[in-house]
2 protein chains.
Amino acid sequence: MDNRLDIVFSALADPTRRSILRMLLEDDMAVTDVAEPFEMSLAAISKHLTILTRAGLISQDKRGRVKWCKIEPDALRDASVWMQGFGQFEPVNLDDFERFLEGELAPPAPPLPDHRS
Amino acid sequence: MDNRLDIVFSALADPTRRSILRMLLEDDMAVTDVAEPFEMSLAAISKHLTILTRAGLISQDKRGRVKWCKIEPDALRDASVWMQGFGQFEPVNLDDFERFLEGELAPPAPPLPDHRS
DNA sequence: CGCATATTCAACCTAATGGTTGACGATTGC
DNA sequence: GCAATCGTCAACCATTAGGTTGAATATGCG
């Protein structure tokens with residue numbers, strides 16, 4: 001795994017890590033708090049956070065014994081630009097995104113309505 | 001790996017598969033022709049194509065003994081929508097996107113994500 | 001028909017991934 | 001000072017991913 005895109009895309013390929021990113025979208029969080037809603041060990045979450053950090057998707061700032069995690073949206077830029085290269089698709093907006101998030105949090109819902117005429 | 005995004009992102013996480021997508025962006029290709037520039041077996045490429053197909057990123061149409069591979073840009077939409085969700089917080093995406101559009105690979109006038117302030 | 005071509009299948013190998021547990025080093029607060 | 005808390009490290013385990021090779025299955029052509 002040499003390429004930057006490899007690292008970013010494979011970081012994004014894990015649902016736990018995407019959930020973490022969604023959480024951090026709301027606010028910065030300590031590692032323990034990030035781990036709290038998940039049904040896996042703290043060590044596992046710590047590993048996920050390391051992967052997200054190496055992908056540049058988050059940054060971690062240790063203050064005292066607490067390590068604060070902060071989202072770094074810039075890192076998605078390369079991947080986003082790459083994908084736009086295929087971009088014969090329709091505009092996306094915040095409504096779509098929110099609907100999409102609900103879809104992923106509630107698995108039975110389909111990912112997206114088809115808005116390609 | 002159940003989620004749709006899991007499949008798309010992990011399909012995109014491999015450099016060989018991204019190369020294949022770039023090639024197919026130019027034109028539809030037979031499996032053998034896709035494999036030609038790579039230094040790996042045809043079987044390996046065949047597997048990559050299966051993964052891309054399952055991710056919905058390409059489609060394969062068998063005519064005679066030749067299986068034609070065709071890019072399916074729509075499948076990137078979900079992932080793109082997801083990523084744009086992070087872009088809402090920083091305008092940097094738009095600048096880069098526009099710069100990218102002025103570059104060589106640019107498809108014509110794709111609409112920008114709606115910021116909606 | 002018989003052979004070459006196109007693609008996949010099956011078995012196998014190695015390395016990476018995602019998880020566990022328990023011990024450990026820092027830091028904080030009583 | 002000492003115990004609790006925060007987070008990582010190390011060792012381990014099971015599964016998946018990406019590759020190989022060789023055989024198998026279609027299909028096209030002379």
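Naming: A, B, ... by sequence-line order, numbering from 1 per chain.
Using a 4.0 Å heavy-atom distance criterion, R63(B) is classed as making no nucleic acid contact. Base engagement by L42(B) is indicated by at least one non-hydrogen atom pair under 4.0 Å involving a base atom.
We find that CD1 of I45(A) is positioned 17 Å from C1' of dC9(D), with the value rounded to whole Å. The nearest whole Å value for the distance from the CE atom in M29(A) to the P atom in dG7(D) is 11 Å. Whole-Å rounding puts the D6(A) CG to dA16(C) P distance at 13 Å. One atom, CG of L49(B), and another, C1' of dA6(C), lie 13 Å apart when rounded to the nearest Å. dT8(C) atom P lies 15 Å from atom CE of M40(B), rounded to whole Å. Distance CD (E39(B)) to P (dG19(D)): 12 Å, rounded to an integer number of Å. Taking atom CG of residue L52(A) and atom P of nucleotide dT17(C), one finds them 14 Å apart after rounding to whole Å. Counting to the nearest Å, the C1' atom of dA16(C) and the CZ atom of R54(A) are 12 Å from each other.
Picking from dG18(D), dT8(D), dG19(D) the nucleotide with the shortest atom distance to the side chain of R17(B) gives dG18(D). Among the nucleotides dT20(D), dA6(C), dG18(D), the one closest to any side-chain atom of D14(B) is dG18(D). For A43(A), whose side chain is taken as the heavy atoms from C-beta onward, the closest listed nucleotide among dG18(C), dT8(D), dT8(C) is dT8(D). Of the listed nucleotides (dT8(D), dC6(D), dT7(C)), dT8(D) has the atom at the smallest distance from the side chain of K67(A).
Scanning atom types as modelled, no donor and acceptor separated by under 3.5 angstrom connect the side chain of K62(A) and the base of dG7(D). Under 3.5 Å, the side chain of R65(A) and the base of dT5(D) form at least one donor-acceptor pair of N or O atoms.
Residue H48(A) has a polar side-chain atom (N or O) positioned under 4.0 Å from OP1 or OP2 of dG19(C). The shortest distance between the side-chain N/O atoms of S41(B) and the OP1/OP2 oxygens of dG19(D) is not below 4.0 Å.
If you chain together hydrophobic residues whose side chains sit under 4.5 Å apart, L12(A) and F38(A) fall into the same group. The cluster map of Ile, Leu, Val, Met, Phe, Trp and Tyr, joined by side-chain heavy atoms under 4.5 Å apart, puts V66(B) and M29(B) in different clusters. Hydrophobic clustering places M23(A) together with L21(A) (ILVMFWY residues linked when any side-chain heavy atoms are closer than 4.5 Å, directly or through intermediates).
Along DNA chain C, the nucleotide nearest to G64(A) and the one nearest to S46(B) differ in position, and the one closer to the 5' end is contacted by S46(B). Annotation: of the two residues near DNA chain D, K47(A) and W68(A), the 5′-most nearest-nucleotide partner is W68(A).
Rounded to the nearest 0.5 angstrom, I71(B) CD1 and I20(B) CD1 are separated by 10.5 Å. With values rounded to the nearest 0.5 angstrom, R17(A) atom CZ is found 6.5 Å from S10(A) atom OG.
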